[in-house]
Amino acid sequence: MRVSTICQVGLIATAAEALVITRATIDQCLTDSGVPIDTQGSDGWVRDVTSFNIRLPYLPTAISVPTTIAHIQNSVLCGKKLGIKVSAKSGGHSYASLGFGGENGHLVVELDRMYNVTLDTTTNIATVQPGARLGHVATVLYEQYGRAIAHGICPGVGISGHFAHGGFGFSSHTHGLALDFVESVTVVLADGSIVEASRSENTDLLWGIKGAGSNFGIVASWKLSTFAAPEVLTLFGVDLGWNKSTAVAGLEAVEYYAKNKQPREVNFRIGDYNRGKPGIEGLYYGTPDQWRTAFQPLLDTLPAGYTVSEPKTSNWIEAIINYSNYDNIDWITPSTPENFYAKSLTLKGLNGTSAQNFVDYYFDVANNVVDRFWFYQLDIHGGQNSQVTKVANDATAYAHRDKLYLVQFYDRYETDETYPDSSFGFLDDWVDATTKPLPQSDWGAYANYADPRLSRETAVQLYYGDNLPRLRSLKAKFDPEQLFDFTQGITPA
Ligand SMILES: Cc1cc2nc3c(=O)[nH]c(=O)nc-3n(C[C@H](O)[C@H](O)[C@H](O)COP(=O)(O)OP(=O)(O)OC[C@H]3O[C@@H](n4cnc5c(N)ncnc54)[C@H](O)[C@@H]3O)c2cc1C
Ligand SMILES: *[C@@H]1O[C@H](CO)[C@@H](O)[C@H](O)[C@H]1NC(C)=O
Ligand SMILES: *[C@@H]1O[C@H](CO)[C@@H](O)[C@H](O)[C@H]1NC(C)=O
Ligand SMILES: *[C@@H]1O[C@H](CO)[C@@H](O)[C@H](O)[C@H]1NC(C)=O
Ligand SMILES: *[C@@H]1O[C@H](CO)[C@@H](O)[C@H](O)[C@H]1NC(C)=O
């Protein structure tokens with residue numbers, strides 16, 4: 001079914017024929033070295049070739065399906081020998097289909113058959129295989145060991161893309177980014193070697209993997225620290241009731257609170273999933289009464305018209321399940337695909353003209369887009385008490401710790417519709433209006449919300465900021481021939 005979608009999108013016949021020839025060669029190399037593959041047209045192929053964002057389908061030359069680290073190594077060696085770019089695919093949730101390399105013709109290393117999670121109960125360090133999905137990781141750690149990690153909420157997202165480029169969720173203000181939990185990694189490098197990167201060996205590689213991990217090799221195993229899963233959490237929500245004349249004041253109140261007052265235990269975002277009805281959703285580490293005390297300073301400064309929902313207590317796994325919007329999060333298979341375009345912003349602040357532009361566009365333009373589903377989310381990422389911000393901006397390759405907001409914009413059509421070119425301007429113009437008054441040093445973009453309409457050069461500047469020069473040197477050291485190249489990859493210095 002998806003294969004025919006790819007054909008409709010217009011793979012040129014000659015290119016398709018060329019791929020068939022190369023496919024036989026690479027499939028042979030993989031099979032000769034004992035690596036399981038998806039043969040074209042098999043059920044496995046159809047599943048693994050389906051991108052989460054069906055707007056961006058790409059046709060791999062071959063798909064290997066490792067179940068061991070040696071299989072990953074042999075996949076890399078075949079790609080190297082035959083001169084075919086290699087892309088790792090973990091959960092396959094890249095917004096730009098970067099698990100396929102963002103283009104046709106790669107050898108895709110499909111990791112999602114490798115999803116085991118174990119914990120060393122002496123050190124409380126988890127070992128996680130590279131194709132495990134977030135919901136499965138959270139379930140095993142909680143149910144078997146009572147442990148937890150801060151990460152995003154969608155149960156089908158893969159550990160590797162998520163942890164290699166950031167990983168922000170409802171516990172990040174309290175506990176940091178997902179990548180802050182990475183103790184060490186086992187990596188297959190472009191020369192086919194298997195190395196460990198930790199605080200004592202290959203420290204530069206570990207630095208690069210923690211924020212720009214898709215560029216240097218394939219992570220074949222993750223070692224992650226964990227914390228004791230909290231038993232008392234409070235889920236809270238506020239319907240903000242903003243309109244065009246109150247929203248700027250509302251944003252300024254949120255910004256002041258987030259920068260100066262928000263205790264570490266308060267995690268929240270502003271989101272609008274319902275055209276012009278923005279609300280707060282959040283998770284507090286403590287009881288509802290403690291939350292009321294911690295949150296009252298913000299409520300006291302919000303414009304009139306808001307409604308606070310009754311806060312709800314829950315334990316760790318209930319909170320994760322609540323925000324996933326599913327009943328069961330223990331997933332080892334992909335999410336249902338969507339047809340969308342998304343963008344992101346990381347912002348030091350959104351005040352003055354920038355807030356006014358954001359709000360004007362929101363009420364004058366966005367709210368008139370009524371023929372499809374769209375949303376934005378403004379995550380409170382930084383601020384003086386955020387664990388994300390407590391780590392130095394150059395301590396890992398993740399370059400946005402000095403940013404207060406992590407913003408996502410998402411514009412979706414139905415899967416049987418075509419996303420028209422004329423619709424890209426909706427989000428592009430919203431982002432442009434918001435950033436226009438800001439100096440370049442005050443904003444960037446998030447690699448985990450990859451935006452395929454950014455040129456490679458713009459993308460790497462916005463994703464990696466001041467860390468880019470060092471990352472280019474690392475690329476020259478670990479992958480000078482660019483075996484792991486992709487459409488938004490870092491080029492070697
Ligand atoms: C429904 C949904 C909800 C989301 N929610 C959040 C959220 O709450 N917070 C947040 O921060 N993000 C969120 N994201 C974004 C998500 O973090 C990224 O899309 C992430 O990169 C997906 O990881 P993946 O392994 O599923 O993707 P993939 O498409 O498999 O991979 C993404 C990138 O990582 C590379 N990669 C994959 N495996 C490896 C490996 N083993 N070694 C090296 N490189 C590798 C790929 O080549 C590709 O470049 C969400 C995405 C979706 C679709
Ligand atoms: C996962 O663990 C189970 C149980 O130990 C084992 O049988 C299986 O082979 C493991 N899977 C992989 C991909 O390593
Ligand atoms: C906006 O909301 C405020 C507060 O609820 C209200 O007083 C005001 O009348 C509203 N303005 C418009 C234009 O609806
Ligand atoms: C999650 O919690 C919020 C706040 O208590 C509540 O409004 C919502 O209905 C819950 N959602 C689910 C899926 O349980
Ligand atoms: C906007 O942010 C800057 C930098 O944080 C701050 O100095 C300024 O006072 C803010 N302006 C408003 C209107 O809040």
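Order of listing sets the numbers, starting from 1, for every ligand and every atom in it.
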- [ ] Flag the pair F363 / W242 as yes when their ring centroid distance falls below 6.0 Å, and as no otherwise.
- [x] no
TODO: Mind telling me whether H175 and F227 have parallel, tilted or perpendicular rings, with 30° and 60° as the class edges?
DONE: parallel
Open item on the list: Using a 4.0 Å cut-off to any heavy atom of L98, which atoms of ligand 1 qualify?
Closed with: 47 (O), 48 (C), 49 (O)
Open item on the list: With a 6.0 Å cut-off on the ring centroids, do F340 and W374 count as close?
Closed with: no
Open item on the list: If you measure every N or O of V219 against every N or O of ligand 1, does any of those distances drop under 3.5 Å?
Closed with: yes
- [ ] Report yes or no: do S455 and T458 form a side-chain donor-acceptor pair below 3.5 Å?
- [x] yes
- [ ] Spell out, as yes or no, whether a donor-acceptor pair under 3.5 Å connects the side chain of H93 to the backbone of N53.
- [x] no
TODO: Compute the centroid of each ring, for F100 and then for H106, and state whether the two points are separated by less than 6.0 Å.
DONE: no
TODO: Give the atoms of ligand 2, by number and element, whose distance to some non-hydrogen atom of N116 is under 4.0 Å.
DONE: 1 (C), 2 (O), 3 (C), 8 (C), 10 (C), 11 (N), 12 (C), 14 (O)
Task: Those atoms of ligand 1 less than 4.0 Å from some heavy atom in F52 - done: 53 (C)
Open item on the list: I want to know whether F358 and Y376 have ring centres closer than 6.0 Å.
Closed with: yes
- [ ] Answer yes if a protein heavy atom lies under 4.0 Å from atom 2 (O) of ligand 3, otherwise answer no.
- [x] yes
Open item on the list: For Y449, state whether at least one heavy atom is located under 4.0 Å from any atom of ligand 1.
Closed with: yes
Open item on the list: Going by the closest heavy atom to atom 10 (C) of ligand 1, which one wins out of H106, E110, Q408, H162?
Closed with: H162
Task: Among S87, S90, G213, closest by any non-hydrogen atom to atom 30 (O) of ligand 1 - done: S90
Task: A132 backbone acceptor or donor facing H136 side chain under 3.5 Å - done: no
Task: N or O contact, Y95 vs ligand 1, cut-off under 3.5 Å - done: no
TODO: Pull out every atom of ligand 1 sitting under 4.0 Å from any heavy atom of C154, numbered as shown with elements.
DONE: 1 (C), 2 (C), 3 (C), 4 (C)
Task: Test item: side-chain donor near acceptor, H381 and S172, under 3.5 Å - done: no
- [ ] Check ligand 3 against S245 and write out every atom of the ligand that is under 4.0 Å from a heavy-atom position of the residue.
- [x] 11 (N)
Open item on the list: Among K343, Q408, E338, which residue satisfies the side-chain hydrogen bond (donor to acceptor under 3.5 Å, both in side chains) criterion with Y95?
Closed with: Q408
- [ ] Say whether G167 and ligand 1 are in contact under the criterion: heavy-atom distance to a ligand atom below 4.0 Å.
- [x] yes
TODO: Could you tell me whether R113 approaches ligand 2 through its side chain, its backbone, both or neither, with non-hydrogen atoms closer than 4.0 Å?
DONE: backbone
Open item on the list: Pairing donors with acceptors under 3.5 angstrom, does anything connect the side chains of S75 and S64?
Closed with: yes
Task: Flag, side chain of E110 to backbone of D112, donor-acceptor distance under 3.5 Å - done: yes
Open item on the list: For atom 28 (P) of ligand 1, which of the options G92, G161, G152, S51 provides the nearest non-hydrogen atom?
Closed with: G92
Task: Test item: protein heavy atom less than 4.0 Å from atom 11 (N) of ligand 2 - done: yes
Open item on the list: Tell me whether the count of non-hydrogen atoms from other residues, nucleotides or ligands lying under 6.0 Å of OH in Y419 goes above 12.
Closed with: yes
Task: Among L474, V460, D485, the one residue meeting side-chain contact (heavy atoms from CB on, under 4.5 Å) with I490 - done: V460
Open item on the list: Quick check on atom 5 (O) of ligand 2 - does any protein heavy atom sit closer than 4.0 Å to it?
Closed with: no
Open item on the list: Starting from atom 47 (O) of ligand 1, what is the nearest protein heavy atom, named by residue and atom, and what distance separates them?
Closed with: A88 O, 2.7 Å
Open item on the list: Using a 4.0 Å cut-off to any heavy atom of H165, which atoms of ligand 1 qualify?
Closed with: 33 (C), 34 (O)
Open item on the list: I'd like to know if G217 contacts ligand 1, where contact means a heavy-atom distance under 4.0 Å to any ligand atom.
Closed with: yes
Task: Side chain K244, main chain Y362, donor-acceptor under 3.5 Å - done: no
Task: Any N or O of F168 closer than 3.5 Å to N or O of ligand 1 - done: yes
Open item on the list: So does Q482 get a backbone contact from the side chain of D479, meaning a donor-acceptor N/O pair under 3.5 Å?
Closed with: yes
Open item on the list: I'd like to know whether ligand 3 has A304 as a neighbour, heavy-atom separation below 4.0 Å.
Closed with: yes
- [ ] Return yes if a side-chain donor-acceptor contact under 3.5 Å exists between S160 and W222, otherwise no.
- [x] yes
Open item on the list: Closer than 4.0 Å and a protein heavy atom, does any atom meet both conditions relative to atom 14 (O) of ligand 2?
Closed with: yes
- [ ] Select the closest option to atom 27 (O) of ligand 1 among H151, K89, H93, judged by heavy-atom distance.
- [x] H93
- [ ] Say whether F100 and ligand 1 are in contact under the criterion: heavy-atom distance to a ligand atom below 4.0 Å.
- [x] no
Task: Which segment of L111 sits under 4.0 Å of ligand 1 when only heavy atoms are counted - done: side chain
Task: Minimum-distance protein heavy atom relative to atom 44 (N) of ligand 1 - done: S214 CA, 3.5 Å
Task: Atom indices of ligand 1 within 4.0 angstrom of Y446 heavy atoms, with elements - done: 10 (C), 11 (O)
Open item on the list: I'd like to check whether G158 has a polar contact with ligand 1, where a contact means an N/O of the residue lying under 3.5 Å from an N/O of the ligand.
Closed with: yes
- [ ] Decide whether an N or O pair under 3.5 Å exists between V157 and ligand 1.
- [x] no
- [ ] Using atom types as modelled and distance alone, determine if a side-chain donor or acceptor of N467 lies under 3.5 Å from a backbone N or O of A397.
- [x] yes
Open item on the list: How far is atom 29 (O) of ligand 1 from the closest protein heavy atom, and which atom is that?
Closed with: S94 N, 3.0 Å
TODO: Can you sort out which atoms of ligand 1 are near N448, meaning under 4.0 Å from one of its heavy atoms?
DONE: 15 (C), 16 (C), 17 (O), 18 (C), 19 (O), 20 (C), 21 (O)
Task: Atoms of ligand 3 close to T246 [distance to a heavy atom under 4.0 angstrom, numbered from 1] - done: 1 (C), 2 (O), 3 (C)
Task: For I218, the ligand 1 atoms whose distance to one of its heavy atoms is below 4.0 Å - done: 41 (N), 42 (N)
- [ ] Identify the protein heavy atom lying closest to atom 38 (N) of ligand 1, giving its residue, its atom name and the separation to 0.1 Å.
- [x] S160 CB, 3.2 Å
TODO: Could you check atom 9 (O) of ligand 3 against the protein and tell me its nearest heavy-atom contact, residue, atom and distance included?
DONE: N243 ND2, 4.8 Å
Open item on the list: If we count only N and O atoms by modelled type, under 3.5 Å, do the side chains of T226 and Y145 hold a donor and an acceptor together?
Closed with: no
- [ ] Using distance alone, with no hydrogens and no angle criterion, decide if Y410 and Q377 have a side-chain donor and acceptor under 3.5 Å apart.
- [x] no
